[in-house]
Amino acid sequence: MMKELAKAYNPHEVEDRIYKTWEEKGYFRAKPNPGKKPYSIVIPPPNITGILHMGHALNDTIQDILIRFKRMQGYEAEWMPGTDHAGIATQNVVERKLAKNGIKRQDLGRDKFISEVWKWREEYGSTIIKQLKKLGCSCDWDRMRFTMDEGLSDAVLDVFIKLYEKGLIYRGNYIINWCPRCQTALSDEESQHKDVEGMLYYIKYPIKGEDGHVIVATTRPETMLGDTAIAINPKDKRYKALKGKTIILPLLDRELKVVMDPLVDLKFGTGALKVTPAHDPVDFELGLKYGLEQINIMNGDATINSIGGEYEGMDRLEAREAIIEDLKERGLFVKSEAHRHAVGHCYRCHTMIEPRLSPQWFVKMKPLAKPAIEAVNKGKIKFYPSRWTKVYLDWMNNIRDWCISRQIWWGHRIPVYYCKSCQQKTEGVGGIIVAKVKPEKCPECGGTNIEQDPDVLDTWFSSWLWPFTTFGWPKETPELKYFYPTCSLVTAQEIIFFWVARMIMAGCEFMGGIPFKNVYIHGTVRDITGTKMSKSLGNVIDPLDMIEKYGTDALRFSIVSITAQGQDVFLSESKFELGRNFANKVWNASRFILMNLKTEDINVDLCVYFKDADLTLPDRWILSRLYSTLSHIGDCLDEYKFNEAANSIYEFLWHEFCDWYIEIAKSRMSEKTTQIILYKVLEKSLRMLHPFMPFITEEIWQKLPHASLDESIMIASWPHIQKPMMSKETESLMGELIELIAAVRNMRSVWNIEPQGAVDVIVNTHDKKDARVISENEEFIKRMARISDLKVGVFSKPKNAAVTVIGSLEIYVPLEGLIDFKKEKARLEKELTRIDGEIKSIAARLKNKGFTDKAPKDVVDGQKRHKDELEVQIEKIRDNIREVE
RNA sequence: GGACGCGUAGCUCAGUUGGUUAGAGCACUACCUUGACAUGGUAGGGGUCACAGGUUCGAGUCCUGUCGCGUCCACCA
């Protein structure tokens with residue numbers, strides 16, 4: 001007796017239990033194995049502050065599908081997991097937590113604060129990992145890494161030193177993106193441009209020693225406190241007289257030079273530009289060019305500093321208003337107008353960025369970009385979909401230096417030490433010691449007054465090393481040798497510049513070669529209105545809720561099947577019903593098969609058995625369809641077409657196996673061949689489905705009654721494609737029978753024939769082969785179409801019969817007394833119109849010399865054949881219409 | 001300002017290299033407790049493939065332009 005399955009699939013009962021077994025058995029582990037080819041993926045490490053959202057669900061389901069697929073195909077499949085310390089994000093979270101108790105990080109001091117963060121990390125940092133397990137991810141957990149691990153931290157310092165020694169890291173005073181809330185510098189990528197409805201203010205700047213003035217336009221009037229010049233385009237005739245004059249800065253009465261530079265846009269504002277070298281990138285450049293003083297007017301929190309005189313202490317926006325008021329009072333304010341422009345915002349806290357002059361560490365990117373551009377140009381790395389190649393290359397070709405220092409505490413502290421005495425001697429230029437550990441004394445002067453740079457490195461400065469540090473670099477580990485470069489990188493579009501591009505550069509620079517071969521960029525998960533899902537908008541669908549409600553497999557299958565390659569996903573809860581219903585269907589089909597299976601019958605080698613077995617058309621058909629589907633799924637997965645793979649499996653299992661084969665098999669359940677085919681198709685389908693729906697397939701697998709099965713479907717091999725069993729001819733013959741049955745069912749439905757009532761059917765055909773096939777399969781045709789008597793051969797149409805023509809078959813259903821002749825005539829005429837239209841269009845095509853001469857022969861022949869068929873059909877329909885009249 | 005993506009059935013979306021008069025899921029209509037499944041079955045209705053040109057024997061598919069929606073990049077203050 002078979003083990004019975006419950007009536008409906010209950011995911012909750014099985015998922016955690018199965019996952020635990022997999023983990024205990026060590027199925028997720030991979031190690032260098034000379035006997036196997038490696039297949040490796042590194043996970044985009046989620047932040048330790050992260051909780052699973054739909055973006056993860058999609059991202060990690062895709063990776064898990066790939067890994068499970070490749071593992072089954074016999075690769076040594078390594079999915080390297082880990083988490084990212086997420087400097088700013090994590091520091092913010094811990095600071096917020098402390099703030100609830102009224103504690104600031106400064107109260108604790110650096111060391112205590114950092115140990116608080118570690119404590120937080122111990123407690124909450126692996127939440128997301130637990131959630132990934134809920135998702136069924138088959139990561140190699142034993143190898144899990146963290147960007148602040150000892151090993152990875154060590155690698156980060158090594159890399160810093162290497163780049164410094166190579167002259168690719170430098171310290172400099174430049175305009176950077178400053179977040180006044182996080183109080184740190186950000187890279188250009190971390191500053192997100194958003195359109196803002198701002199104002200453009202026109203302000204009069206008096207000319208020294210004259211009555212006149214020059215009007216400048218600015219969106220940030222408060223920065224005038226740091227103005228040191230007025231710039232004019234040399235071509236601008238309006239301001240010719242200004243050359244060589246001195247301008248008086250209102251409110252502060254600072255004297256400003258007038259500089260002439262083509263950088264100034266004649267058309268913008270008044271054409272006169274106020275120059276604030278310490279607070280604007282363009283002005284900064286002008287400042288350098290003309291030797292202007294750089295006056296920083298703000299504190300770290302964007303309040304005005306002592307330079308601002310009476311405005312000191314005001315927030316930048318407060319100061320803006322106060323300044324405008326004061327200018328108005330003095331009659332120096334001209335006007336303001338609405339002005340829409342893009343302003344940078346902090347990608348972590350969305351505060352408006354303040355461009356600000358400050359000393360920071362930078363990586364020179366151009367030299368690093370060169371080999372990374374080449375790797376993609378030469379096709380060593382491929383993007384899927386390919387359009388991202390251009391996005392990548394455009395960015396790389398215009399790459400700018402990377403600001404890597406952050407004024408926070410949580411992160412890899414910059415391995416730079418300053419000898420205070422040397423610094424004094426050199427006015428701050430010298431005294432830099434780059435070293436992994438704090439030197440006892442200064443190698444220059446022997447002094448011991450040495451302090452480490454207080455800044456930490458950008459989080460991405462550790463992430464960009466992820467594909468090789470996780471395998472042990474800089475040590476030359478066997479893992480690194482075997483698994484690097486990795487095979488696929490699966491990620492979202494938002495992260496191409498932050499992470500993907502930089503990993504390619506790091507791989508080329510430090511490993512001498514690419515970090516991965518293929519980059520699959522999937523879409524962004526959005527809500528049904530197209531808005532990106534985010535917690536703050538409250539439009540999230542929580543994957544854990546969906547797992548609770550529909551099951552993990554349903555979540556995975558649904559999200560993958562609605563995500564076309566690289567297109568964004570528009571999600572609503574109801575979409576998960578698709579996966580749940582499918583899981584239930586698979587469950588019940590399996591349940592039915594298991595209920596009827598006789599163990600003694602199925603213990604055979606499929607190939608050997610089928611050599612001599614007498615297979616029916618449906619038998620051969622379902623096997624052909626199975627292997628065609630299998631082959632198609634393999635192709636789809638190799639091309640990252642996950643939705644197509646999922647849909648193809650769905651179509652096969654539901655609408656071919658369940659709807660037709662199992663239904664047909666019901667009358668011959670006890671036959672050995674049927675038993676074997678039901679079992680084998682189920683068993684292979686489960687394997688085929690396993691990467692998509694790991695839990696349900698495992699649960700059913702465990703109930704399969706075959707001694708020689710692998711102990712888990714996870715480690716079973718991917719089914720072998722039996723090419724000889726794939727037959728187009730078989731598929732088309734079966735297709736005809738399916739059409740025949742559908743046609744009869746259609747007539748039954750049109751004529752409202754009682755569901756239980758059987759009908760007689762006469763199939764008129766001159767095609768002997770068709771007639772034979774129908775006779776041979778008479779049993780199930782009759783049963784599925786509810787036919788009491790089926791005649792096949794050359795017949796003339798009986799009186800009062802409904803008729804349908806498919807291909808060369810004319811199907812008569814005698815319906816004495818049931819037919820409404822008007823209705824039948826209308827039905828036939830509709831059919832006639834349709835076929836007539838088709839014939840006319842084909843005829844026109846065939847008459848066209850261009851078509852017959854230029855189109856491929858098989859297309860032309862196909863058209864001719866089709867037209868002949870249609871003409872026979874239409875004649876028959878005409879006959880029938882006449883008869884009805 | 002630049003780049004990219006998308007406009008196909010009421011809704012959400014597929015549609016491989018151009019080739020019989022376009023598909024799915026949901027929703028809708030009618031019927032069905034048929035020996036796994038109502039999270040099911042059978043049948044059905046529903047589309048000028050955004051618009052306008054062009055290339056071609058042939059265009060949902062390729063090219064150009066227009067309109068609408070969306071995303072990314074960008075130092076006009």
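Each chain gets a letter, A, B and so on, in the order the sequences are listed, and its residues count up from 1.
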In whole Å, measure the gap between the P atoms of B/U20 and B/G46 for me. 22 Å
Rounded to whole angstrom, note down the P distance from B/A74 over to B/C69. 24 Å
Return whichever of A/Ser590 or A/Arg400 has its heavy-atom-nearest nucleotide of RNA chain B closer to the 5' end. A/Ser590
With a non-hydrogen cut-off below 4.0 angstrom, is A/Val216 in contact with a base, only sugar-phosphate, or nothing? nothing
Of the listed B/U12, B/U20, B/C75, the closest approach to the A/Lys575 side chain comes from B/U12
Scan A/Val282 against the nucleic acid and name what it touches under 4.0 Å (heavy atoms): base, sugar-phosphate only, or nothing. base
Of all the choices, B/C6, B/A74, B/C13, which nucleotide is nearest to the side chain of A/Phe570 once you look at every atom? B/C13
Can we say A/Asp836 and A/Lys840 salt-bridge, meaning some charged N sits less than 4.0 Å from an Asp/Glu carboxylate O? yes
Of the options B/A36, B/U34, B/G19, whose atoms approach the side-chain atoms of A/Lys666 most closely? B/A36
Heavy atoms only, 4.0 Å cut-off, all strands: where does A/Ala231 land among base, sugar-phosphate and nothing? nothing
Between the base of B/A36 and the side chain of A/Glu663, is there a donor-acceptor distance below 3.5 Å? yes
Could I get a table of every N or O pair under 3.5 Å where one atom is in the protein and the other is in nucleotides 15-18 of chain B?
none

Establish, for the pair A/Lys585 and A/Phe657, whether the NZ or CZ atom is under 6.0 angstrom from the six-membered ring centre and no further than 45 degrees off its axis. no
Under the side chain to side chain contact (heavy atoms under 4.5 Å, CB included) test against A/Tyr239, which residue among A/Asn233, A/Ile230, A/Thr270 passes? A/Thr270
Among B/A74, B/G19, B/C72, find the nucleotide with the atom closest to the side chain of A/Ala855. B/G19
Ignoring the backbone of A/Lys390, work out which of B/C4, B/C75, B/U20 is nearest its side chain. B/C4
Which part of the nucleic acid, if any, lies within contact of A/Arg580, taking any heavy atom under 4.0 Å across all strands shown: a base, the sugar-phosphate backbone alone, or nothing? base
N or O in side chain of A/His341 less than 4.0 angstrom from B/A74 OP1/OP2: no
The nucleotide from B/C72, B/G19, B/A77 with an atom nearest the side chain of A/Phe851 is B/G19
Tell me whether the count of non-hydrogen atoms from other residues, nucleotides or ligands lying under 6.0 Å of NZ in A/Lys289 goes above 12. yes
Could you tell me how far B/U48 sits from B/U29 if I compare only their P atoms? Round to whole Å. 22 Å
N/O contacts under 3.5 Å, protein versus nucleotides 40-45 of chain B?
unit_1	atom_1	unit_2	atom_2	d
B/G40	OP1	A/Asn581	ND2	3.3
B/G40	O3'	A/Lys585	NZ	3.2
B/G41	OP1	A/Lys585	NZ	3.4
B/G41	OP1	A/Trp654	NE1	2.4
B/U42	O3'	A/Arg745	NH1	3.4
B/A43	O2'	A/Ser749	OG	3.0
B/G44	OP1	A/Asn746	ND2	2.8

Of all the choices, B/A74, B/C37, B/A77, which nucleotide is nearest to the side chain of A/Lys7 once you look at every atom? B/C37
Identify which nucleotide among B/A74, B/A77, B/A36 has an atom closest to any side-chain atom of A/Phe592, counting heavy atoms from C-beta outward. B/A36
Gap between atoms CG and P, on A/Asp195 and B/U71 respectively (whole Å): 11 Å
Mind calculating the distance between OH (A/Tyr392) and P (B/C4) to the nearest angstrom? 19 Å
Expressed as a whole number of Å, how far does the C1' atom of B/U66 sit from that of B/A9? 26 Å
I'd like to know if the side chain of A/Arg316 reaches the main chain of A/Arg220, judged simply by a donor and an acceptor atom lying under 3.5 Å from each other, with no hydrogens or angles considered. no
Which listed nucleotide (B/A77, B/U20, B/C37) is nearest to the side chain of A/His866? B/U20
With rounding to the closest Å, how many angstrom separate the C1' atoms on B/G35 and B/A22? 39 Å
On RNA chain B, more 5' by nearest nucleotide between A/Ile842 and A/Asp188 is A/Ile842
Does the separation of the ring centres of A/Phe692 and A/Phe582 fall below 6.0 angstrom? no
Would you kindly give the CZ-to-C1' distance between A/Phe576 and B/G25, to the nearest whole Å? 14 Å
Without decimals, in angstroms, what is the distance between A/Phe497 CZ and B/C4 C1'? 11 Å
Looking only at side-chain atoms of A/Met595, point me to the closest of B/A36, B/G25, B/A77. B/A36
A/Glu577 atom CD is separated from B/A38 atom C1', nearest whole Å, by 13 Å
Counting Watson-Crick and G-U wobble pairs whose two distances are both under 3.5 Å, find the runs of 3 or more in a row that involve RNA chain B. B:1-7 with B:67-73, B:10-13 with B:23-26, B:28-32 with B:40-44, B:50-54 with B:62-66
Which residue in the set A/Phe383, A/Tyr640, A/Tyr384 passes ring-ring contact (aromatic ring centres under 6.0 Å, His included) when paired with A/Tyr520? A/Tyr640
Is any side-chain N of the basic residue among A/Glu871 and A/Lys867 closer than 4.0 Å to the acidic one's carboxylate O? yes
Give one of base, sugar-phosphate or nothing for A/Gly837, where a contact means two heavy atoms less than 4.0 Å apart. base
Rounded distance in Å between the C1' positions of B/C51 and B/C11: 23 Å
Atom C1', compared across B/G53 and B/G47: separation rounded to whole Å: 23 Å
How many whole angstroms separate atom CG of A/Leu653 from atom C1' of B/C37? 14 Å
Ring centroid separation for A/Tyr392 and A/Trp388, is it under 6.0 angstrom? no
